[in-house]
2 protein chains.
Amino acid sequence: MDSELERYLVQPVLKAMQVLQLVCEASEPIALNDLVRAAALPKTTVFRYLRTLAALRLIEHEPDSDRYRAGIGLWWLSHASNPYETLRQVCRPEMKRLQQRFNETVNLGVLSDREVLYLDIVESERSLRMQATIGATDPLHSTALGKALLAFRSAAQRETLLPQSVPRLTPNTIVDRVELLDQLEIIRATGFALDLGENEEGSCCVAAPICDDRNIALAAISLSAPAARMDGAVRQAICASLMTACAEIGRALLGRRAEVQSTQAQPAA
Amino acid sequence: MDSELERYLVQPVLKAMQVLQLVCEASEPIALNDLVRAAALPKTTVFRYLRTLAALRLIEHEPDSDRYRAGIGLWWLSHASNPYETLRQVCRPEMKRLQQRFNETVNLGVLSDREVLYLDIVESERSLRMQATIGATDPLHSTALGKALLAFRSAAQRETLLPQSVPRLTPNTIVDRVELLDQLEIIRATGFALDLGENEEGSCCVAAPICDDRNIALAAISLSAPAARMDGAVRQAICASLMTACAEIGRALLGRRAEVQSTQAQPAA
DNA sequence: ACCACCTTTTCTTGACATGAAACAAGGCGG
DNA sequence: CCGCCTTGTTTCATGTCAAGAAAAGGTGGT
């Protein structure tokens with residue numbers, strides 16, 4: 001499916017990044033030989049990548065033990081006015097407050113490539129909790145985050161972002177396109193989106209969008225919990241807090257100029 | 001001086017990282033042509049790097065505007081059990097408390113390649129304040145951080161880490177090797193290090209080490225201020241708080257197994 | 001002192017990164 | 001509305017330079 005995306009790939013870059021990732025994933029400084037084994041690349045090649053990455057300070061070399069570990073250069077990359085990073089920092093305090101108030105998992109998501117991309121997660125402390133991973137993605141149509149992000153876009157964009165047919169993930173998943181688009185209108189009117197076990201059985205999510213001054217969603221925050229803990233009264237309280245928090249963040253973002261532009265899909269060919 | 005370090009460099013990796021850095025530094029999504037101009041590389045080359053980096057999710061492509069921006073992959077790299085990142089997270093709360101209590105700039109530094117590497121900085125809110133940059137380095141011999149890091153190492157390592165002759169940065173810089181080594185003994189005994197305008201005139205720093213269970217410094221925290229604000233009584237209070245905070249962090253680190261191993265220099269050839 | 005293991009260096013080869021140039025696709029002004 | 005001009009994409013021939021085998025240099029253990 002991504003045969004087109006796999007063109008023009010520069011091998012040395014791919015392989016060097018693989019090595020970098022291995023160094024970063026290692027819980028402790030790692031030696032050349034271990035990297036060679038892990039990466040399944042020739043020793044000389046790995047050696048040269050390590051030297052190159054070290055010159056860029058992306059990794060650092062411990063002369064004593066001849067081991068490599070993550071370097072300060074990574075910090076530069078991920079903090080140099082990275083829009084995701086700033087968005088996360090702005091949202092963090094409100095997300096923590098939501099988590100503390102309801103003790104459920106709070107997710108921050110943006111639209112990326114026709115999917116929801118989880119940018120940040122503040123986890124509930126309960127043993128039974130919803131768990132996603134930062135950087136992971138979920139479909140738009142089956143998640144509260146996705147629907148919130150879709151609803152606060154132009155009608156034209158909703159059309160292009162929503163595939164003609166969407167996969168059924170649970171018995172509750174809404175797979176009828178018209179029904180989905182109708183629901184988006186309701187979400188737009190009420191200001192929040194629900195996911196009643198549509199993405200994963202037994203889980204329930206509430207999401208609200210963070211909008212710019214044109215009422216376009218830049219991101220969305222959701223609270224997710226087992227369905228049993230998310231009934232009537234509690235859900236109402238959550239909805240209210242969530243919408244307040246998101247509106248607050250939206251106002252805070254207006255102050256900044258480093259606005260986060262969510263990816264918008266190209267028109268269907 | 002680093003002619004040896006510049007060997008075995010893989011060009012595609014260097015250039016691709018340059019492009020990645022440019023994308024990350026841009027305050028807003030940036031187009032291919034702008035990158036070509038900024039990087040001074042052929043268009044085709046930059047194009048291929050962008051595709052490669054996008055495949056790795058280090059950057060993301062906005063189909064509408066044909067622009068590129070930092071991607072979520074960066075987050076993976078810098079947060080996948082990066083020892084610096086974990087150290088920073090552990091130290092942050094105490095650093096913030098120190099900053100709030102004294103309203104002076106608080107620095108976190110580690111030993112890296114015979115220098116102090118600033119890992120984190122919590123800035124004073126005063127208009128006249130000491131200011132360093134995360135990722136920047138300073139000499140060991142002229143900074144409180146450096147001396148604290150040196151003092152809590154074996155005598156042998158102090159010898160190898162301290163160059164035979166050190167540069168004079170201000171009139172107060174201690175350039176006599178014997179005098180320096182003597183002072184390290186005192187620092188080791190008292191538990192804190194001072195910099196009285198030795199690195200920059202008019203600035204005064206107090207530093208204390210964060211030690212592991214063998215009393216080896218993993219990192220150090222310093223408070224820096226204009227000399228005028230750092231006299232007798234205040235300095236004593238700062239010293240006490242600093243040493244308490246560092247001891248606390250040391251204890252917290254003992255709990256974790258992801259200990260941060262500071263770089264140790266190789267024996268002088 | 002020998003051996004085993006690991007890093008570093010050297011060297012040859014051909015795969016492949018390269019970049020000029022042509023092509024396609026918008027966008028803007030005339 | 002048309003055509004020029006900017007920007008992204010593709011193609012292709014070339015020679016660079018990344019690759020990897022193999023050997024040398026170091027280090028620590030028994």
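Keep in mind that the numbers below use all heavy atoms, side chains included, and drop hydrogens, waters and symmetry copies. Order of the sequence lines fixes the chain letters, A, B, ..., with proteins taken first and strands second; residue numbering starts at 1 for each chain.
Counting only residues at least two apart or on different chains, no ring-ring contact (aromatic ring centres under 6.0 Å, His included) pair has a member in residues 9-29 of chain B. Within the structure, ring-ring contact (aromatic ring centres under 6.0 Å, His included) contacts touching residues 11-46 of chain A (residues at least two apart or in different chains) do not occur.
Taking only side-chain nitrogens and oxygens, B:Tyr8 never comes nearer than 4.0 Å to OP1 or OP2 of C:dT8. Listed pair B:Asn33 / D:dG8 meets the phosphate criterion, a side-chain N or O lying under 4.0 Å from OP1 or OP2.
Across the protein-nucleic acid pair, A:Arg7 atom CZ and C:dT18 atom C1' stand 17 Å apart, rounded to whole Å. For the pair A:Leu32 CG and D:dG26 P, the interatomic distance rounds to 17 Å; values are reported in whole Å. One atom, CZ of B:Phe47, and another, C1' of D:dT11, lie 12 Å apart when rounded to the nearest Å. Spacing between atom CG of A:Leu53 and atom P of D:dA18 amounts to 14 Å, rounded to whole angstrom units. A straight line from CZ of A:Arg67 to C1' of D:dT27 spans 14 Å, rounded to a whole angstrom. When rounded to the nearest whole Å, the span between NZ of B:Lys43 and C1' of C:dA25 equals 12 Å. If you measure from atom CG of A:Asp66 to atom P of C:dT9, you get 11 Å, rounded to the nearest angstrom. Nucleotide D:dT10 holds its P atom 14 Å from the CG atom of B:Leu50, rounded to whole Å.
Under the side chain to side chain contact (heavy atoms under 4.5 Å, CB included) criterion, B:Glu28 pairs with no residue at all, not counting sequence neighbours. In this structure, the side chain to side chain contact (heavy atoms under 4.5 Å, CB included) partners of B:Arg48, at least two apart in sequence or on a different chain, are A:Tyr8, A:Val10, B:Thr44. Applying the side chain to side chain contact (heavy atoms under 4.5 Å, CB included) rule to B:Asp138 yields the partners B:Tyr118, B:Thr143, B:Asn199; only residues at least two apart in sequence or on another chain are considered.
With respect to the salt-bridge test (charged N to carboxylate O, under 4.0 angstrom), the residues A:Glu60 and A:Arg69 qualify.
The side chain of A:Tyr68 has C:dT8 as its nearest neighbour among D:dG8, C:dT8, D:dT10.
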Could you list all N or O pairs between the protein and nucleotides 19-25 of chain D that sit under 3.5 Å apart?
| residue | atom | partner | partner atom | Å |
| --- | --- | --- | --- | --- |
| D:dA19 | OP1 | A:Lys15 | NZ | 3.4 |
| D:dA19 | OP1 | A:Tyr49 | OH | 2.8 |
| D:dA19 | OP2 | A:Tyr49 | OH | 3.4 |
| D:dA19 | N7 | A:Arg48 | NH2 | 2.9 |
| D:dG20 | OP2 | A:Thr45 | OG1 | 3.2 |
| D:dG20 | N7 | A:Arg48 | NH2 | 3.0 |
| D:dG20 | O6 | A:Arg48 | NH1 | 3.3 |
| D:dA21 | N6 | A:Thr44 | OG1 | 3.3 |

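Residues A:His61 and A:Asp66 have side chains that bring a donor and an acceptor to within less than 3.5 angstrom of each other.
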